[in-house]
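Chain letters run A, B, ... following the sequence lines, proteins first and then strands; every chain starts at 1.
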2 protein chains.
Amino acid sequence: MSSITWQTVQAEALRRIRTREWPPGSRIPDEAVLAAELGCARATVNRALRELAEAGLLERRRKAGTRVPLNPVRKATFEVPIIRQDIEGRGLVPGYRLLTRAVEPAPAALLASLPAGSLPPGAQLLRLRALHLAGDAPFCLEERWVNPLTAPGILVADLDGISANEWLVQNTSFTGGDIAFGATNADAETAAALDCPPGASLFVIDRMTRAGEALITSVRLSYAPGYQMQAVI
Amino acid sequence: MSSITWQTVQAEALRRIRTREWPPGSRIPDEAVLAAELGCARATVNRALRELAEAGLLERRRKAGTRVPLNPVRKATFEVPIIRQDIEGRGLVPGYRLLTRAVEPAPAALLASLPAGSLPPGAQLLRLRALHLAGDAPFCLEERWVNPLTAPGILVADLDGISANEWLVQNTSFTGGDIAFGATNADAETAAALDCPPGASLFVIDRMTRAGEALITSVRLSYAPGYQMQAVI
DNA sequence: AGAAATAATATGTATAGACATAATATCGCC
DNA sequence: GGCGATATTATGTCTATACATATTATTTCT
């Protein structure tokens with residue numbers, strides 16, 4: 001029909017940014033002007049530019065207009081797959097083994113890393129250690145604390161066959177959380193579990209999820225040496 | 001006025017997903033139905049649900065309707081800051097030191113990791129090794145290959161005071177790339193540069209950016225022990 | 001001059017209506 | 001029953017218009 005889609009407009013805007021027809025730091029024409037120039041409605045231009053702004057390629061402010069940032073802060077998006085799906089996606093057969101299971105008071109190290117109010121004083125948490133396998137090889141060691149108050153049913157759930165993460169995804173509703181990536185040298189216990197030399201460099205994900213203010217679960221995933229996590233820019 | 005914004009609709013949809021009023025696997029009401037129920041236009045519902053689908057919390061297909069996925073693949077977005085800004089954001093004073101600079105043929109290891117056509121046969125690349133400092137402490141070792149064909153001017157650029165990354169961001173236009181995170185044990189040379197024990201576990205980012213098919217730059221960033229990268233879910 | 005009130009303006013968003021598109025369901029035919 | 005053509009349907013998108021909102025520019029007042 002009109003053949004001018006928001007994708008068309010977006011591509012054209014991208015082209016002008018990349019060719020420096022719109023140089024870094026400069027202000028670009030108003031939506032209304034672009035709409036007239038490109039022959040489409042302002043809403044179409046709006047959608048195109050809004051998405052570019054969300055991606056960090058433009059900066060928009062009411063009344064001040066739209067500018068090409070001098071130092072674009074590019075945003076990358078990555079998917080946080082369930083480990084089983086991650087393994088399957090690599091063409092391997094996923095396995096899961098629960099190593100230890102206990103109910104313990106929250107350790108000081110965990111309490112220190114949480115904002116106040118995440119846990120009631122003296123809270124008892126479910127502590128899990130489990131190993132994810134890819135084929136016959138260890139893939140990832142999971143060390144997890146679960147708050148039974150926000151994950152009711154976890155204490156009686158059968159976690160021998162299903163990963164706690166999958167149980168939580170299906171049975172709780174989190175409203176937020178954060179995630180951090182890092183690296184650490186394998187300690188003796190971890191090395192034994194992952195069947196790698198002590199001191200080997202492991203990719204580590206620390207993840208915390210909340211329901212409102214309250215902690216649902218905190219987990220550290222230590223991946224076997226060589227693991228890489230991919231993302232697109 | 002109407003007071004029903006797309007954010008309102010989105011929040012309500014999120015609530016229904018979280019409370020399992022819309023259980024995993026189920027199909028949710030059509031846009032038109034929701035619009036009537038909530039008292040807004042279909043376009044408003046569309047924007048709310050579209051964003052949830054982009055975040056992985058809903059699955060939408062024409063004619064088939066909208067469903068709550070059984071296994072939501074949550075997507076997390078993180079910002080890829082310029083290292084200098086990363087250091088400043090941690091409240092430290094950034095520093096930069098160019099260690100070595102040479103023009104060499106592309107090494108086999110790099111060629112192997114690139115798709116065919118990324119580089120002409122026998123291409124000469126600029127090889128850089130540089131150290132980023134936070135205060136007086138080493139922060140990150142940068143090992144980079146730059147393709148002068150897609151980064152014209154790089155061979156005569158003054159890279160002693162400015163990071164090659166910043167030069168590239170300001171002087172080239174990339175159309176895509178990919179990024180991978182991993183961990184590795186510090187080799188002797190890297191350990192010396194980062195002032196850490198050999199074998200220490202380092203967080204590593206491998207990043208490649210392209211202009212169309214052609215390589216612009218490939219870089220490995222090895223962060224000093226203890227570095228963590230944060231993201232929000 | 002400096003501060004406070006006011007006007008102007010670009011983006012942000014809502015709406016109703018229309019058509020496009022992809023996927024599914026149904027019908028007719030062999 | 002199986003297959004292919006056709007109808008149906010939910011989402012995807014564009015348009016024109018209107019009003020909201022944040023921010024900047026201007027004017028007015030002291």
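A straight line from CG of Leu49(A) to P of dT13(C) spans 13 Å, rounded to a whole angstrom. Rounded to an integer number of Å, the gap from Arg50(B) CZ to dT21(C) P is 18 Å. Following rounding to the nearest Å, Arg62(A) (CZ) and dT21(D) (P) show an atom-to-atom distance of 8 Å. Separating the CG atom of Leu58(A) from the C1' atom of dA10(C) is a distance of 14 Å, rounded to the nearest angstrom. As rounded to whole Å, 13 Å separates atom P of dA10(D) from atom CD1 of Ile28(B). Atom CZ of Arg60(A) and atom C1' of dT23(D) are 15 Å apart (whole Å). In this entry the distance linking CZ of Arg47(B) with P of dT11(D) reads 18 Å, nearest Å. Between Glu51(B) atom CD and dT13(C) atom P the separation is 9 Å, expressed in whole Å.
Residue-level contact check: Arg27(A) touches the backbone only, with heavy atoms under 4.0 Å from sugar-phosphate atoms and none from bases.
Residue Thr66(B) places at least one side-chain N or O closer than 4.0 Å to OP1 or OP2 of dT11(D). Put simply, Gln7(B) has a side-chain N or O that comes within less than 4.0 Å of OP1 or OP2 on dT13(C). At least one side-chain nitrogen or oxygen of Arg61(A) sits closer than 4.0 Å to the OP1 or OP2 atom of dT24(D). Taking side-chain N and O atoms only, Thr44(B) has a distance below 4.0 Å to OP1 or OP2 of dT15(C).
Of the candidate nucleotides dT15(C), dG12(C), dA10(C), dG12(C) has the atom lying nearest to any side-chain atom of Asn46(A). Checking dT15(C), dT15(D), dT13(D) against every side-chain atom of Ala43(A), the shortest atom distance belongs to dT15(D). Picking from dA18(D), dT13(D), dT23(D) the nucleotide with the shortest atom distance to the side chain of Arg42(A) gives dA18(D). In this structure, of dA14(C), dT11(C), dA23(C), it is dA14(C) that holds the atom nearest to the side chain of Thr5(B). When the nucleotides dA25(C), dT11(D), dT15(C) are ranked by their closest atom to the side chain of Lys63(B), dA25(C) comes out on top. Which of dT11(D), dA14(C), dT11(C) sits closest to the side chain of Glu31(A) comes down to dT11(C). Listed candidates were dT15(C), dT15(D), dT21(D). Nearest to the side chain of Ala41(A) is dT15(D).
Between Phe203(B) and Phe181(A), the ring center distance fails the sub-6.0 Å criterion.
Other residues, nucleotides and ligands contribute more than 12 heavy atoms inside 6.0 Å of the CD atom of Glu37(B). Counted within 6.0 Å of CZ on Arg97(B), heavy atoms from surrounding residues, nucleotides or ligands total 12 or fewer; the atom is thus considered open.
A side-chain N or O of Arg144(B) and one of Thr217(B) form a donor-acceptor pair less than 3.5 Å apart.
Between Thr66(B) and the options Arg27(B), Arg61(B), Arg60(B), Arg50(B), a side chain to side chain donor-acceptor pair (under 3.5 Å) holds for only Arg60(B).
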